[in-house]
Amino acid sequence: MRFMTTPDNAADTSAEASGDTAPAATGVAAQNWDTASADPQYRAAVVDLLGALAYGELAAFERLAEDAKLAPTLSDKAELAKMASAEFHHFERLRDRLSGIGEEPTGAMEPFVAAYDGFHKQTAPSDWLEGLVKAYVGDSIASDFYREVASRLDEDTRGLVLGVLDDTGHASFAVEKVRGAIDADPRVGGRLALWARRLMGEALSQSQRVVADRDALSTMLVGGVADGFDLAEVGRMFSRITEAHTKRMAALGLAA
């Protein structure tokens with residue numbers, strides 16, 4: 001789930017990221033919002049998706065502001081404050097889009113509050129480095145998930161979703177700081193590797209629970225709404241997310 005938002009574009013396994021020529025869009029992916037949203041179940045799935053993303057961005061803003069308090073230097077504090085501001089601007093875009101399609105943003109976000117807040121409660125970092133790893137690893141797992149879903153959205157919604165998944169700069173910042181800390185004290189690596197594995201498990205568990213609780217979203221993933229994934233594709237999707245996670249761990253200098 002997008003509890004935080006810092007995708008690592010270098011680890012993106014999509015066709016666009018790899019430079020491969022993407023196939024021509026078909027079905028809903030070739031439609032605009034006005035056409036695609038005529039299907040009430042598709043519309044409900046998109047409202048859920050935008051609501052989940054919007055609350056995720058708001059939670060990311062709050063978390064980065066809190067993490068800034070743990071920053072060891074004023075420069076680090078300022079960098080996190082800048083990232084928090086970017087997350088809030090992402091939230092505003094999603095909020096405005098929900099309002100623009102006639103949905104009340106608070107109502108769209110409300111179903112996802114408990115899951116997001118529960119995740120953050122279960123994975124509260126104990127120090128600065130754990131906070132960086134959480135933002136880099138945990139957020140990117142969620143971002144990968146949303147990128148996968150975006151490929152099946154109408155062109156208007158897809159553009160918005162991919163836009164708010166843009167890296168705020170946290171990826172390279174986290175890699176630099178974490179690798180520097182491990183170089184200074186290799187013992188730090190073992191602790192952070194365990195922490196990252198815990199984040200992976202919690203993020204995937206929460207994502208699966210949220211999707212299971214929201215009928216429109218689950219139908220979009222397993223087929224039945226627009227060009228949804230089939231069950232085999234869902235399995236492949238999570239395999240790709242796991243592979244990207246392994247690459248990010250290596251970038252941090254940690255074992256997956």
Any donor-acceptor pair under 3.5 Å linking the side chain of W33 with the backbone of D156?
no

Does the side chain of D96 come under 3.5 Å of the side chain of S99 through a donor N or O and an acceptor N or O?
no

Any link between V113 and F88 through a network of hydrophobic side chains (Ile, Leu, Val, Met, Phe, Trp, Tyr) touching at under 4.5 Å?
yes

Let me see the working for Q31 and D39 under side chain to side chain contact (heavy atoms under 4.5 Å, CB included), right down to the final yes or no.
CA-CA 12 Å; Q31 298 175 9; D39 179 343; over 6 Å; no

What I want to find out is whether R43 reaches E103 closely enough, with some N-O distance under 4.0 Å, to be called a salt bridge.
yes

What heavy-atom pair brings L254 and G189 nearest, and what distance separates the two atoms?
CD2-O, 3.3 Å

When the aromatic ring centroids of F112 and Y55 are compared, is their separation below 6.0 Å?
no

Flag, side chain of T246 to backbone of T242, donor-acceptor distance under 3.5 Å
yes

So, for A196 and H245, which heavy atoms are closest and what is the spacing to 0.1 Å?
O-CE1, 4.1 Å

Check: L252 and L192 side chains under 4.5 Å, non-hydrogen atoms:
no

Let me confirm one number: the CG-CD distance from L64 to E62, rounded to the nearest 0.5 Å.
10.5 Å

Would you mind reporting whether L98 and E104 have side-chain heavy atoms less than 4.5 Å apart?
no

About how many Å separate CG of D127 and CG of L70, when rounded to the nearest 0.5 Å?
7.5 Å

Salt-bridge contact E243-R240 (side-chain N to carboxylate O under 4.0 Å)
no

A250 and R179 have their tightest heavy-atom pair at O-NH1, 3.3 Å

Got a donor-acceptor contact below 3.5 angstrom from the R63 side chain to the G131 backbone?
no

For M249 and V137, work out which heavy atoms get closest and say how close.
SD-CG2, 4.4 Å

dist L49:CG -> T157:OG1 (nearest 0.5 Å) comes out at 8.5 Å

Full working for side chain to side chain contact (heavy atoms under 4.5 Å, CB included) between H120 and K134
CA-CA 10 Å; H120 287 308; K134 179 179 177 179; 3.0 Å; yes

Could you grab the distance from atom NE2 of H90 to atom CZ of F61, nearest 0.5 Å is fine?
13.5 Å

Are more than 12 heavy atoms from other residues, nucleotides or ligands located less than 6.0 Å from atom NZ of K82?
no

Close side-chain approach of D144 and R248, heavy atoms under 4.5 Å
yes

Please give me the minimum heavy-atom distance between R158 and S151, naming the atom from each residue.
CD-CA, 4.3 Å

Taking 4.0 angstrom as the limit, do K177 and D76 come out as a salt bridge?
yes

Using the side chain to side chain contact (heavy atoms under 4.5 Å, CB included) rule, take L53 and V161 through it: C-alpha gap first, then chi angles, then the decisive distance, then the call.
CA-CA 8 Å; L53 270 170; V161 169; 3.9 Å; yes

Pick from E87, R93, E92: which one makes a side-chain hydrogen bond (donor to acceptor under 3.5 Å, both in side chains) with H89?
E92

Over all heavy atoms of both residues, which pair between G253 and I182 is shortest? Give the atoms and the distance, please.
O-CD1, 4.1 Å

Determine yes or no for a side-chain-to-main-chain donor-acceptor pair under 3.5 angstrom, with Y42 supplying the side chain and V28 the backbone.
no

Are L94 and V164 close enough, and set up right, to give a side chain to side chain contact (heavy atoms under 4.5 Å, CB included), and what steps lead you there?
CA-CA 8 Å; L94 291 158; V164 300; 4.1 Å; yes

Atom pair CG (L194) and CD (E130), whose distance is rounded to the nearest 0.5 Å:
10.0 Å

When rounded to the nearest 0.5 angstrom, what distance separates CG in L132 from CG in L80?
6.5 Å

Please check: side-chain N/O of Y136 versus main-chain N/O of F173, any donor-acceptor pairing under 3.5 Å?
no

Do P125 and W195 touch side chain to side chain, with heavy atoms closer than 4.5 Å?
yes

